[in-house]
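Only one structure is covered here, and it is reproduced in the block below.
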Amino acid sequence: MNVNRYLPLTVLAALLLFQPVRSQTASRSLDIYFIDVEGGAATLIVTPAGESLLIDSGFPGDRDAARIAHVALEVAGLKQIDHSIVTHWHRDHVGGIPTLAKLIPVRNYYDHGLPQTIAADMQAEFIEAYKQTTQGKSVTLKPGDLIKLRSPKYMPPLQVRVLAAGGMVLGEQSSVPQVRPCGTGFEAKPEDITDNVNSVGTLLTFGPFKFFDGGDLTWNIENRLVCPKNLIGAIDVYQVDHHGTDPSNNPTLVSALKARVDIIDDGPRKGADARTFATLKSVKETEAIYQLHRNLSTTDKDNTLAGYIANEEEACQGNFIKLSVEPGGKSYTVSIPAKQISRRYRTR
Ligand SMILES: [Zn+2]
């Protein structure tokens with residue numbers, strides 16, 4: 001039976017016009033999933049061509065690997081993870097890899113280089129498990145490296161560029177001291193001797209759209225990323241450094257990024273610190289701040305509005321935040337699918 005016969009012509013025309021556009025948008029957006037690993041990091045990027053990049057893998061054990069695998073397999077419909085970056089060697093970033101690799105094939109591994117010695121802030125067992133999983137075939141990233149992702153010819157170019165790794169930022173020599181005075185109102189923090197300072201920081205660009213993920217980079221190196229030259233530039237979306245904690249998120253960096261949307265991958269009692277939250281709010285370009293978790297240690301005024309928080313309770317369902325950039329890169333949608341909340345933003 002031809003149902004179209006019974007539809008008024010205007011309705012039919014509207015359907016014909018609307019449907020292809022809708023299905024194209026659904027299948028060809030650039031998607032970024034901020035997976036809830038309760039104070040760790042796990043950011044899954046899926047390109048319009050279906051290529052995937054996971055930045056960090058949550059804590060060791062089953063919970064976070066299962067959540068990442070669920071989003072990759074069930075939500076994003078992937079069969080494998082093409083690229084995996086571990087920003088640094090802390091357990092809330094490298095921990096999930098061995099279990100995850102049993103749940104979904106992971107093809108290429110990248111990091112800032114395996115440690116020569118196990119420092120006090122690292123745990124040998126997790127680095128050993130990573131080495132076994134990668135079979136020693138991980139690629140060491142340096143500032144300036146590119147992870148090229150396929151993009152169909154009719155779409156804007158898509159690339160992930162390393163701007164910081166191993167304690168250096170783009171254009172620097174390895175001998176540079178961690179604290180380098182620069183800028184008006186320059187303020188240094190005591191030297192960070194943890195592996196946070198070595199985090200791989202990447203800038204993803206898709207046409208005009210820009211997204212920065214700095215892992216757990218801290219205050220002094222954040223200053224070097226934007227002074228004397230802003231190496232990141234003005235961006236659209238900022239994955240707030242170090243789960244939104246105060247030893248990171250130097251106001252000099254945050255104000256230089258001019259992000260319209262901030263996404264904090266915090267846990268119920270880790271990250272989204274009050275000073276950082278106030279810094280993000282004070283940036284005049286900020287249109288929205290999202291949190292994976294309500295910070296239960298602070299008050300309502302130090303948290304974003306309820307409609308921007310994916311998980312309210314400590315005993316949570318692990319709700320993720322999804323960001324979809326439309327095929328031309330000119331606008332994007334941030335949604336919390338479990339709460340059926342979705343908002344659209346213009347690329348700057
Ligand atoms: Zn961390």
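Atoms within each ligand, like the ligands themselves, are counted from 1 in listed order.
- Rounded to 10°, the angle formed at the Zn ion (ligand 1) by NE2 of H243 and OD2 of D92 is 90°.
- Annotation for E313: atom CD does not count as buried by contact number, only 12 or fewer foreign heavy atoms lying within 6.0 Å.
- Not less than 6.0 angstrom separates the ring centroid of W89 from the ring centroid of F126.
- Residue side and main chain included, H93 places an N/O/S atom under 2.8 Å of the Zn ion (ligand 1).
- Closest to the Zn ion (ligand 1) among the N, O or S atoms of D216 is OD2.
- The only member of D145, L141, V160 that meets side-chain contact (heavy atoms from CB on, under 4.5 Å) when paired with Y110 is L141.
- Of the residues Y332, Y308, Y238, the one that meets the side-chain contact (heavy atoms from CB on, under 4.5 Å) test with V261 is Y332.
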